[in-house]
Number of protein chains: 2
Amino acid sequence: MTEAIRIYSEMRNDIISCDLEPGASVSEAELCARYNASRTPVREACRRLQEEGLLQIVPFRGYTISPLTIDEYRSLNEMQLVLDPAAAAMAAERASDEQIAMIERWANYIYHAGEKKSYETFLEWNRNFHIEIAQATGNDIMVEMTVNLQTRLIRYFYLVISMASYGKDLVNEHQAMVRAIRARKPEQARDRATEHVIRTMERTSLIRIPQGGFRGDPRKDIQPARSRT
Amino acid sequence: MTEAIRIYSEMRNDIISCDLEPGASVSEAELCARYNASRTPVREACRRLQEEGLLQIVPFRGYTISPLTIDEYRSLNEMQLVLDPAAAAMAAERASDEQIAMIERWANYIYHAGEKKSYETFLEWNRNFHIEIAQATGNDIMVEMTVNLQTRLIRYFYLVISMASYGKDLVNEHQAMVRAIRARKPEQARDRATEHVIRTMERTSLIRIPQGGFRGDPRKDIQPARSRT
DNA sequence: ATTTCCTGGATTGTATACAGGTTGCGTGCA
DNA sequence: TGCACGCAACCTGTATACAATCCAGGAAAT
């Protein structure tokens, strides 16, 4: 694997897991040190991350890890409400049996309330669940868009930590989607997906506007909500 | 403006207008000569174009202008059928009066049958029409996705040249969408957008599978259809 | 004739030197 | 004290040299 790709992957993980803090400004030199590489592949990785919306580049000025904002979170949810139901419906018509099996596999992880590691595993499985459905549509553009959407969304969930009491609900909603896809009922799959996204939007109203802000425009940024365990 | 951005824009135009032929393989050296620059900004531009799906990069091997395939065209249309109606509905709820005026502006260009220049102007206006609607949703992700979709779609229309007899139909459909948005009727806007995309899919069934192929996998690539003027 | 191995050339990936731009601080003046 | 100007340090953008990789083609062995 080339340096550029390695750096891209590692940096992407670091951003997603908030190991690189949202809103933090970084220089190429720092990144070179952190990932043991020269500027060229680092720059390449950064350009790609910018394209995905995870990094902001101001010409001649520097790099900023994209801050998490309520605006973006709303926009992402709104787009999920557009894409996911469509993908579910298409998957119900076209998914192969193997693909359905894979989708179901990703749907069944229940995290242990309060355990961070377990919660993070759930987040990855959840991401894969949605991406797998997109792949089952057979539409490559749908896959691209869904991957981007899920990548940007997962950062918000990493930040929130623990929506502990919802574990069972989430799995139930996922399984309802799987059943509709397996039964080859597009409209039902669409409805279950819509329901799932809306429920998630309701559940995450626990994301609040902070007083001080979180390294960015104070009025638009968000910060971790207190756990509700 | 930086070299990288200049090269990106020019190259993007060249790809969109099929001045750089779909399926053609190019080397960094050629591109450096063509755009009078060194490899660094050329590479940066290429990476970005790859991210947008306009260019394919095989590590250590070279670059290929993304070929036009029936598969991709279908996928793009399918996604347009997902995004455009949603965007139209959202725009009907949120567009400002200025935005509606802009949308209408882009909707009203009728091309002169048979004139290539006029047809290409129409294509650009059509692209702007769809993008402007996306902007009126106030959702930045929707804008990103629509821009990408329209950019990739316009290549297919540049290749086809002239859907001469359809000029009036297109404008009528566009105007019907504008009316629904101006009337603040989301569901009607959604329906008009759906109708428009489906009609376009029907109109472009004139894209045929070639015998010889067009610089790529012969079974999947397409070539210009004969004009129907 | 066919297959295998090796090498040369071409092309991309990476490192680094150099150029250009921006910011912020310090100085001098009003 | 306040403000404008200019310089210096820092950072990113660009050019280019060097390393790594891949593939085509040919020679040799079967």
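Computed from a prediction, not measured in an experiment: that's the story for all the values here. Note that these values count all heavy atoms, side chains included, but never hydrogens, waters or copies made by symmetry.
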Q: Would you give a per-nucleotide map of nucleotides 8-13 of chain C, 5' to 3', where B means the base has a protein non-hydrogen atom under 4.0 Å away, S means only the sugar-phosphate does, and - means neither?
A: ---SBB

Q) Roughly how far apart are B:Phe129 CZ and B:Met102 CE, rounded to 0.5 Å? A) 12.5 Å

Q.
I need the CZ-P distance between B:Arg6 and D:dG13, as an integer number of Å.
A. 16 Å

(Q) C:dT14, OP1 or OP2 - any side-chain N/O from A:Thr40 closer than 4.0 Å? (A) no

(Q) Do the side chains of B:Glu120 and B:Lys117 get close enough for a salt bridge, i.e. N-O under 4.0 angstrom? (A) no

Q.
Any salt bridge linking B:Arg43 with B:Glu28? Criterion: basic side-chain nitrogen under 4.0 Å from a carboxylate oxygen.
A. yes

Q: Let me know which of B:Arg127, B:Glu132, B:His130, B:Glu124 forms a side chain to side chain contact (heavy atoms under 4.5 Å, CB included) with B:Trp106.
A: B:Glu132

Q: Would you mind telling me which of B:Ile65, B:Ile57, B:Leu54, B:Ile7 makes a side chain to side chain contact (heavy atoms under 4.5 Å, CB included) with B:Leu49?
A: B:Leu54

Q. Rounded to the nearest Å, what distance is computed from the OH atom of residue A:Tyr35 to the P atom of nucleotide C:dT14?
A. 16 Å

